[in-house]
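Okay, so here's the structure we're looking at.
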Amino acid sequence: IFSDAYNGTVTFLPLEENSEGKYLVKKCNIYQIQLKHIKDEEWSISVVAPFPEDWFSDGILYPKLAWLGNKLLSKLAKWSVEQKPSEFKSTLSLISVAKYSKVYQDLKEKYKVMVKVWPEVTDPEKFVYEDVAIATYLLILWEEERKEKGLTKKQSFVDLGCGNGLLVHILNNEGHSGRGIDVRRRKIWDMYGPETHLEEATIIPGDSHLFPDTDWLIGNHSDELTPWVPVIAARSSYSCCYFVLPCCFFDFHGKYSRRQSKKTQYREYLDFVAQVGFVCGFHVEEDCLRIPSTKRVSFIGKSRTYPPAEHALIDNRITQFINSRRTCAVATCDKRVGFKHEDHSDSLCEVGSEPPEDETETAGTIWMPGFQPREKVEQIRNCASLPRDFVDEVVLNVAKLLLNAAPQKSCSNMQGGNTNTWNQGESLSLREVAEHLNKETLKKLKSECGGLQTLLKSNHQVFEVLNGRVHIRDWRKEKPPSKTKPEVKRRLSAEAFKTRLCWFFIHHPDGCSLPSEACPYAHGTEELRQSQIIKKKKHI
């Protein structure tokens, strides 16, 4: 990177190592960011690529030109002029940014292959690079801790609610002994090998789920376990530390309920999670991670505010706090007293209530009777469990409703010289569509797949739902598949081509708006191809 402050330019020269170990400049991917003074307080910022026609993007190491021009520039301009104080800490405030950048690039190169072999339905680029970033952060944090404490042995860990297990896989590979526990096994677990330790088990916060021989507990998007991570760490041992990255908003007993309107819901929930750490006797540190997510704030508890001799006193305080949260869930608490520690006390209700008499017997083993862990079998919310005939009938009824709504929208179809008009119908709000369906249909949709909107979005071949309004999809307006799309998505698109019948060819009064060769769906059974995905499963 060449920075020329006098002329206001920063030039990026990508280097690639050849077979002889020499580094060569990848000329086609050189780019420069320029800052120019126009007049007075007016400035312009631009990005220049000398060889745009030869630009190479793999969606992994090299950014897309469109991203540089459309996304990066607007962000740079915004960051350069905004002055509003952030309610969050600066990014990577607790570790060396320079060291983080180097380790992250090394790990990204090492584990980028995971993007190409990702078997889950989730976005591989987001999840792989997010876990690489979190692993990078923890590795540097733990290296600094070993230096501070004079340790040589690498820290052990347990990842509670480990999900796809990639974070555990990376940490194990980098020399840290540990395991991940999740209520549901994932397909990708089988790809890691025996060196990656993952367990399918349900964690119920209580005496049977303590980890006295573990150095660190991790809660990475751990949902209902998030507020319990500091509690489990505090009760596991005096030396046990924790790292938690809150995402979905859960209290000890279930979904978190807002109590303040002066803060954003996210900030209020973060303050609650931090408060749990303080009540558990930790010095709680907050940091903002550099990950592709809107939920980037993490909390770290690696030292205690009390001597070991006061463990029983702190443990009693934790019990009182948990019980107070359960009381607040049943009735609104007006008294906002409690542990006035820094700025995190305003979400507390009065502490000191005793557990109900009928639950005192179980309090020693399960810390909150009635705690609801995630279901072992993930609930399907995409209409897959509904009868096909039922779904087809709803789709046909909604389509007829849109096509018959007045005034009709007719679009000229110029494909292949055909000048006939194609009826696109009218758009209606979700409420208007629901009013035309009977109550039994709506009830069935709500109980099985999350509602009418879920069904319509699942049938994206026919419908488009934008800003709460339902439209008939016009495939002539769809963008052609991008050549810069990640390889995994391009491969899936190619494998799905002509593997399903075209709904418009069969049901629309004007037929399909596209000619057969341009439509990704089959115009008649003679065009149907067998799905490559099904072939692969049969082969396996």
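Just so it is clear, the model here is predicted, and its values are computed rather than measured.
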Derivation and outcome, side chain to side chain contact (heavy atoms under 4.5 Å, CB included), residues L171 and L139: CA-CA 8 Å; L171 295 176; L139 290 172; 3.9 Å; yes
Derivation and outcome, side chain to side chain contact (heavy atoms under 4.5 Å, CB included), residues W216 and I300: CA-CA 10 Å; W216 281 78; I300 294 141; 3.7 Å; yes
Criterion side chain to side chain contact (heavy atoms under 4.5 Å, CB included) on N164 and Y192, from CA distance to verdict: CA-CA 10 Å; N164 59 54; Y192 294 136; 4.2 Å; yes
Derivation and outcome, side chain to side chain contact (heavy atoms under 4.5 Å, CB included), residues F243 and D159: CA-CA 10 Å; F243 166 90; D159 187 350; over 6 Å; no
Test salt bridge (charged side-chain N to carboxylate O under 4.0 Å, His left out) applied to K99 and E144, step by step: CA-CA 11 Å; K99 186 179 290 186; E144 292 299 317; 3.2 Å; yes
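Of all heavy-atom pairs spanning L210 and I232, the tightest one is CD2-O, 4.0 Å. Across every non-hydrogen atom of P205 and L225, the tightest pair is CG-CD2, 4.4 Å. Contact record, R325 with D251: NH2-OD2, 2.7 Å, taken as the closest heavy-atom pair. W189 and G165 make their closest contact through NE1-N, 4.0 Å (heavy atoms, listed as atom of the first residue, atom of the second, distance). When all heavy atoms are compared, the tightest approach of D54 to C28 is O-CB, 3.3 Å. Scanning all heavy atoms of the two residues, the minimum distance from W228 to W367 falls at CZ3-CE3, 3.7 Å.
Within the 4.5 Å cutoff, the side chain of F250 has heavy atoms near those of the K255 side chain. Using a 4.5 Å cut-off on side-chain heavy atoms (C-beta onward), I218 and V158 make no contact. Side-chain contact between L24 and E16: absent, with no pair of heavy atoms (C-beta onward) separated by less than 4.5 Å. Looking only at side-chain heavy atoms (C-beta outward), Y104 and Y129 come within less than 4.5 Å of each other. Between H169 and M191 there is no side-chain heavy-atom pair separated by less than 4.5 Å. Residues F371 and I366 have side chains not in contact (no heavy-atom distance under 4.5 Å, counting atoms from C-beta outward). Side-chain contact between R296 and T91: present, with at least one pair of heavy atoms (C-beta onward) separated by less than 4.5 Å. Residues I188 and L166 form no side-chain contact, since every pair of their non-hydrogen atoms from C-beta on lies 4.5 Å or further apart.
Judged by distance alone, the side chain of H283 and the main-chain N or O of R304 form a donor-acceptor pair under 3.5 Å. Remark: side-chain polar atoms of R290 are not paired, donor with acceptor, to backbone N or O of A133 under 3.5 angstrom. The main-chain N or O of G21 is found under 3.5 Å from a side-chain atom of N18 such that the two form a donor-acceptor pair. Side-chain atoms of T214 never come within 3.5 Å of backbone atoms of S156 as a donor-acceptor pair (strictly under, hydrogens ignored).
In summary, D215 and K154 do not engage in a salt bridge, as defined by a charged side-chain N under 4.0 Å from a carboxylate O. Between E174 and K110 a salt bridge is recorded (basic side-chain N to carboxylate O distance below 4.0 Å).
Rounded to the nearest 0.5 Å, atoms CD (E310) and CG (D315) are 13.0 Å apart. Here the straight-line distance linking atom CZ of R146 with atom OG1 of T152 works out to 9.0 Å at 0.5 Å rounding. Between the CG atom in L94 and the CG atom in L289 there is a gap of 9.5 Å [rounded to 0.5 Å]. Atom NE2 of H311 is separated from atom CG of N316 by 11.0 Å, given to the nearest 0.5 angstrom. With rounding to the nearest 0.5 Å, the separation of OH in Y100 from CG in L141 is 12.5 Å. Distance CD1/I140 to CD1/I95: 4.5 Å, rounded to 0.5 Å.
Judged purely by distance below 3.5 Å, without hydrogens or angles, the side chains of S93 and D287 pair a donor atom with an acceptor atom. There is a side-chain donor-acceptor pair under 3.5 Å between Y256 and E268.
Of the options R185, R179, R186, a salt bridge (Lys or Arg N to Asp or Glu O under 4.0 Å) to D182 is made by R186 and by none of the others. Screening C248, P246, C247 for a side-chain contact (heavy atoms from CB on, under 4.5 Å) involving T226 leaves a single residue, P246.
Ring geometry for Y269 versus F272: interplanar angle of 30 to 60°, hence tilted.
Y242 has its ring centre less than 6.0 Å from the ring centre of F282. Between Y306 and Y238, the ring center distance clears the sub-6.0 Å criterion.
More than 12 non-hydrogen atoms from other residues, nucleotides or ligands lie less than 6.0 angstrom from NZ of K26. The number of heavy atoms from other shown groups lying within 6.0 Å of CD (E41) does not exceed 12.
Remark: K295 qualifies as a cation-pi partner of Y266 under the 6.0 Å distance and 45° angle criteria applied to the six-membered ring.
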